[in-house]
2 protein chains.
Amino acid sequence: MDGRDAPAPAGVTIYEVAQRAGVSIATVSRALRGTGPVADATREKVMRAVEELRFTPSRAGVSLAEGRHAANGIVFPNLSGPYFAEVLIGYEEVASELGRSVVILSTKGRGAVRDLVRELAGRVDGLAVFGSTVPGDVVDELVASGLPLVLISHAGRPGAMTLRSENAAPARALAAHLLGHGHRAFAFLGAPYATGDDVDERWQGVRGVLGGAVEPVATAEYTVEAGYEAALRLLGGRRRPEAVICSDDEVALGAILAAEHLGLPVPHEVALTGWDDIMAARHARPALTTVRQPMRELGAQAARALDRLIAGGRAEPGHRTLDTELIIRGSCGPHPPGRSLS
Amino acid sequence: MDGRDAPAPAGVTIYEVAQRAGVSIATVSRALRGTGPVADATREKVMRAVEELRFTPSRAGVSLAEGRHAANGIVFPNLSGPYFAEVLIGYEEVASELGRSVVILSTKGRGAVRDLVRELAGRVDGLAVFGSTVPGDVVDELVASGLPLVLISHAGRPGAMTLRSENAAPARALAAHLLGHGHRAFAFLGAPYATGDDVDERWQGVRGVLGGAVEPVATAEYTVEAGYEAALRLLGGRRRPEAVICSDDEVALGAILAAEHLGLPVPHEVALTGWDDIMAARHARPALTTVRQPMRELGAQAARALDRLIAGGRAEPGHRTLDTELIIRGSCGPHPPGRSLS
DNA sequence: TTGTACGCGTTATCAC
DNA sequence: GTGATAACGCGTACAA
């Protein structure tokens with residue numbers, strides 16, 4: 001026994017493998033990647049040397065030679081709620097299938113976003129960016145740089161591909177459904193921060209149907225906590241709305257808690273709706289009427305689109321919208337038994 | 001006007017910058033990284049050229065020359081629940097502060113974990129690995145490779161650093177508290193899958209205090225859904241326990257839903273406890289008695305420890321345990337008013 | 001089928 | 001202060 005199978009010195013190079021196998025580095029490379037012909041016997045020797053030396057090609061070396069990183073980046077604001085986490089799951093899964101690693105960047109509470117994004121852009125072959133996570137001029141810079149880019153839930157930017165779920169149409173359907181329940185005074189809890197983002201589109205859709213009967217109410221952010229705080233004030237004040245349409249499920253969950261705290265039965269005293277259909281929406285009491293958005297699919301499609309863009313697919317559609325589904329549960333008002341409910 | 005400020009061809013090299021600035025690449029490098037002396041006037045010229053050409057050093061080139069990736073990896077099973085997402089948040093935040101990108105790898109439902117981990121290991125300077133995400137021999141291989149490694153919530157492996165929150169002690173405290181409520185028949189919902197992991201330690205702690213009075217009950221996984229399903233059977237069957245100690249908050253949340261479904265008031269008919277103190281624990285009804293674990297801090301410390309290990313800090317402690325806190329809320333039984341509750 | 005040699009983009013060590 | 005130039009580790013024409 002010798003010490004050759006001891007812990008690899010972390011820096012085994014292709015040269016050492018070549019030497020040990022008694023061949024050239026070109027042959028080692030060919031044997032390993034299956035490019036070009038290699039005699040069976042030779043491949044055997046190479047493989048053995050690779051095993052013994054625990055050789056793994058240096059990623060930096062490969063990247064430099066190949067001219068690619070085999071990695072995708074993704075920029076999101078935070079991972080506190082289920083939404084971004086779910087999209088990330090779909091993104092990572094597909095990217096992984098396509099042989100690409102995923103480098104993440106969270107911008108929430110970050111100062112030097114521009115530099116961080118540049119740094120990230122430099123180590124990936126393509127980037128997925130959520131709307132409102134990066135300043136507009138930084139996005140423009142990315143577009144101009146030619147880096148394959150997919151904007152998720154973004155208002156859209158000339159030259160960049162955009163991917164999002166539909167908002168306006170289901171928002172209108174949701175509003176119409178609430179009208180069907182007989183509600184007449186509405187609030188939209190979680191008023192949009194930026195024009196053109198997902199929440200803004202939902203708000204526009206809702207207002208298109210309800211007109212002056214709906215009032216926008218801001219929340220500090222789109223979280224359960226913030227929804228709870230804002231709903232406490234909204235529902236506790238005079239002129240309480242009959243129905244509260246929330247920007248998303250988390251805000252709605254907070255609103256349910258606020259209603260309970262105030263002793264207001266949902267949906268009898270106040271109706272509520274969310275958006276996204278996160279796991280907890282089904283488990284809330286009452287179960288949350290919401291709009292299901294294919295979160296994982298959003299991430300998955302982003303990864304796939306990026307792969308195509310990287311491969312050189314110029315003909316990529318500039319804009320893609322995923323379907324959503326109105327999910328009627330108990331929080332929006334009483335329904336005849338036996339209907340819907342999932 | 002000329003076309004020089006058009007979109008950078010994505011492949012601007014240091015040579016082009018040097019040529020445009022009328023200096024050598026060495027000078028460009030020095031000017032950019034502040035290493036070595038550069039005349040002010042020269043620096044000026046270089047910077048201008050850099051701006052005009054939108055030059056960003058190739059990450060692969062830098063990595064190869066520097067011999068490091070400036071990136072950390074992290075391996076987790078999934079991101080469906082808040083637990084791993086929270087740890088990841090803390091990890092990414094600190095890594096980012098330390099100038100390191102974060103490359104993620106999810107192993108849930110993945111076949112070729114070994115290859116994926118190798119691939120990941122090849123593109124980072126250090127790796128954080130959650131327990132039970134990677135086969136033991138793969139961990140051994142990583143340790144042997146000399147790659148800086150932090151095992152999170154792991155049973156421990158000779159040669160690798162381990163970081164986790166305490167389990168046994170708070171588990172005993174929790175069990176004692178439940179005994180104080182007068183409960184006498186217990187179930188541990190979410191029985192451990194692997195010996196030595198977090199849940200196993202909790203189970204051991206609980207059993208140490210309750211002995212034969214507690215029965216382990218398995219769940220399909222540690223999720224709300226699985227907890228609900230298993231609790232439905234457990235609470236619906238004969239010999240229903242008086243108190244159910246759950247492996248974590250998500251399982252406990254599912255158990256609360258099951259109890260409600262069965263018309264069993266919590267905590268009066270059945271007491272429940274969770275673990276982790278995820279956001280939803282505070283909002284559950286009744287609010288969940290649980291053990292608070294510093295999830296983000298776990299990630300943050302992992303990133304910091306890794307940074308030290310990478311810097312060459314040999315004297316790194318082999319094992320580090322973070323404190324937890326028993327959070328008494330309403331789900332474990334009636335408390336005299338005015339006490340605790342957060 | 002295999003080996004030689006060059007290129008990938010930077011960093012850093014020397015001379016000047 | 002500045003400029004050649006040798007690594008860094010690998011992929012791959014091209015030659016043999």
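Letters A, B, ... mirror the listed sequences (proteins, then strands); counts begin at 1.
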**Student:** Taking any atom closer than 4.0 angstrom to a non-hydrogen atom of chain B, what span of DNA chain C does the protein reach, first nucleotide to last?
**Tutor:** C:dG9 to C:dA12
**Student:** Going by side-chain hydrogen bond (donor to acceptor under 3.5 Å, both in side chains), name the residues that satisfy it together with A:Ser96, two or more places apart in sequence or in a different chain.
**Tutor:** B:Arg110
**Student:** Not counting sequence neighbours, which residues clear side-chain contact (heavy atoms from CB on, under 4.5 Å) with A:Ser29? List them please.
**Tutor:** A:Ile14, A:Arg33
**Student:** Apply ring pair (Phe, Tyr, Trp, His ring centres under 6.0 Å) to A:Tyr193 and list each qualifying residue two or more places apart in sequence or on a separate chain.
**Tutor:** A:Tyr222
**Student:** Looking at residues at least two apart in the chain, or sitting in another chain, which of them share a side-chain contact (heavy atoms from CB on, under 4.5 Å) with B:Asn78?
**Tutor:** B:Ser80, B:Phe84, B:Lys108
**Student:** Give, ordered by number, those residues of residues 37-50 of chain B having at least one heavy-atom distance below 4.0 Å to an atom of DNA chain C; if nothing qualifies, reply none.
**Tutor:** none
**Student:** Please name all residues satisfying salt bridge (charged side-chain N to carboxylate O under 4.0 Å, His left out) with B:Asp197, sequence neighbours left out, ordered by chain then number.
**Tutor:** none
**Student:** Run the side-chain donor-acceptor check on residues 113-126 of chain B: report pairs under 3.5 Å with partners two or more places apart or on a different chain.
**Tutor:**
{"unit_1": "B:Arg114", "atom_1": "NH2", "unit_2": "B:Asp137", "atom_2": "OD2", "d": "2.4"}
{"unit_1": "B:Arg118", "atom_1": "NE", "unit_2": "B:Glu141", "atom_2": "OE2", "d": "2.7"}
{"unit_1": "B:Arg118", "atom_1": "NH2", "unit_2": "B:Glu141", "atom_2": "OE1", "d": "3.1"}
{"unit_1": "B:Arg118", "atom_1": "NH2", "unit_2": "B:Glu141", "atom_2": "OE2", "d": "3.4"}
{"unit_1": "B:Glu119", "atom_1": "OE2", "unit_2": "B:Arg123", "atom_2": "NE", "d": "3.2"}
{"unit_1": "B:Glu119", "atom_1": "OE2", "unit_2": "B:Arg123", "atom_2": "NH2", "d": "2.9"}
{"unit_1": "B:Arg123", "atom_1": "NE", "unit_2": "A:Ser101", "atom_2": "OG", "d": "3.0"}
{"unit_1": "B:Arg123", "atom_1": "NH1", "unit_2": "A:His69", "atom_2": "O", "d": "3.3"}
{"unit_1": "B:Arg123", "atom_1": "NH2", "unit_2": "A:His69", "atom_2": "O", "d": "3.0"}
{"unit_1": "B:Arg123", "atom_1": "NH2", "unit_2": "A:Ala70", "atom_2": "O", "d": "3.0"}
{"unit_1": "B:Asp125", "atom_1": "OD1", "unit_2": "B:His69", "atom_2": "N", "d": "2.7"}
{"unit_1": "B:Asp125", "atom_1": "OD2", "unit_2": "B:His69", "atom_2": "N", "d": "3.2"}
{"unit_1": "B:Asp125", "atom_1": "OD2", "unit_2": "B:Ala70", "atom_2": "N", "d": "2.6"}
{"unit_1": "B:Asp125", "atom_1": "OD2", "unit_2": "B:Ala71", "atom_2": "N", "d": "3.4"}
{"unit_1": "B:Asp125", "atom_1": "OD2", "unit_2": "B:Arg100", "atom_2": "NH1", "d": "3.2"}

**Student:** Is there a donor-acceptor pair closer than 3.5 Å between any side-chain N or O of A:Ser63 and the backbone N or O of A:Arg68?
**Tutor:** yes
**Student:** Can you sort out the partners of A:Thr56 under side-chain contact (heavy atoms from CB on, under 4.5 Å), two or more places apart, ordered by chain and number?
**Tutor:** none
**Student:** Which letters describe nucleotides 9-16 of chain D, given B = protein heavy atom under 4.0 Å from base, S = only from sugar-phosphate, - = neither?
**Tutor:** BBBB----
**Student:** OG of B:Ser24 to CZ of B:Arg30: how many Å apart, nearest 0.5 Å?
**Tutor:** 6.0 Å
**Student:** Test of understanding: with side-chain contact (heavy atoms from CB on, under 4.5 Å), list the residues that count as partners of B:Ala155, not counting sequence neighbours.
**Tutor:** none
**Student:** Using every non-hydrogen atom in the two residues, find where B:Ala31 and B:Val38 come nearest and quote the distance to one decimal.
**Tutor:** N-CG2, 3.8 Å
**Student:** At 10 degrees resolution, what angle do the end axes of the helix from C:dT1-D:dA16 to C:dC16-D:dG1 form when each is taken over five base pairs?
**Tutor:** 40°
**Student:** Can you name the nearest heavy-atom pair linking A:Val139 to A:Leu149, along with the distance?
**Tutor:** O-CD2, 4.4 Å
